[in-house]
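Accompanying notes for the structure given below.
These numbers come from a predicted model, not from an experiment.
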Amino acid sequence: MGPRQPRRHGALAEAIDALRQNACFRAGFGDAFVDYFVAIKQAEIARSGAKPGDPPDQVTDWEHREYFDLA
């Protein structure tokens, strides 16, 4: 395993903003898909209760319920 690479985006909100502005993704997937995906992820942030400055490397109780509790 090589040296750890720095994270490109520290938070989901930053990644969503980068995706929204990315001409390559828009050309490849289409504006409608990118806009829909961005809306879904923004709703996910709203449901999570995440606040600016929350540590991005910490798994929250909400994330456990949303992604890991499949029963």
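Under a hydrophobic clustering in which Ile, Leu, Val, Met, Phe, Trp and Tyr are joined whenever their side-chain heavy atoms come within less than 4.5 Å, directly or via other members, Y36 and F29 fall into different clusters.
Side chain of R26 to main chain of R20: a donor-acceptor pair is present (N/O by atom type, distance under 3.5 Å, no hydrogens or angles).
Distance CG/N22 to CG/L19: 6.5 Å, rounded to 0.5 Å. For the atom pair E44 CD and E66 CD, the distance stands at 6.0 Å (nearest 0.5 Å).
The shortest non-hydrogen separation linking V34 to F25 is CG2-O, 3.9 Å.
Taking the six-membered ring where the residue is Trp, F68 and H64 present tilted rings, their angle falling between 30° and 60°.
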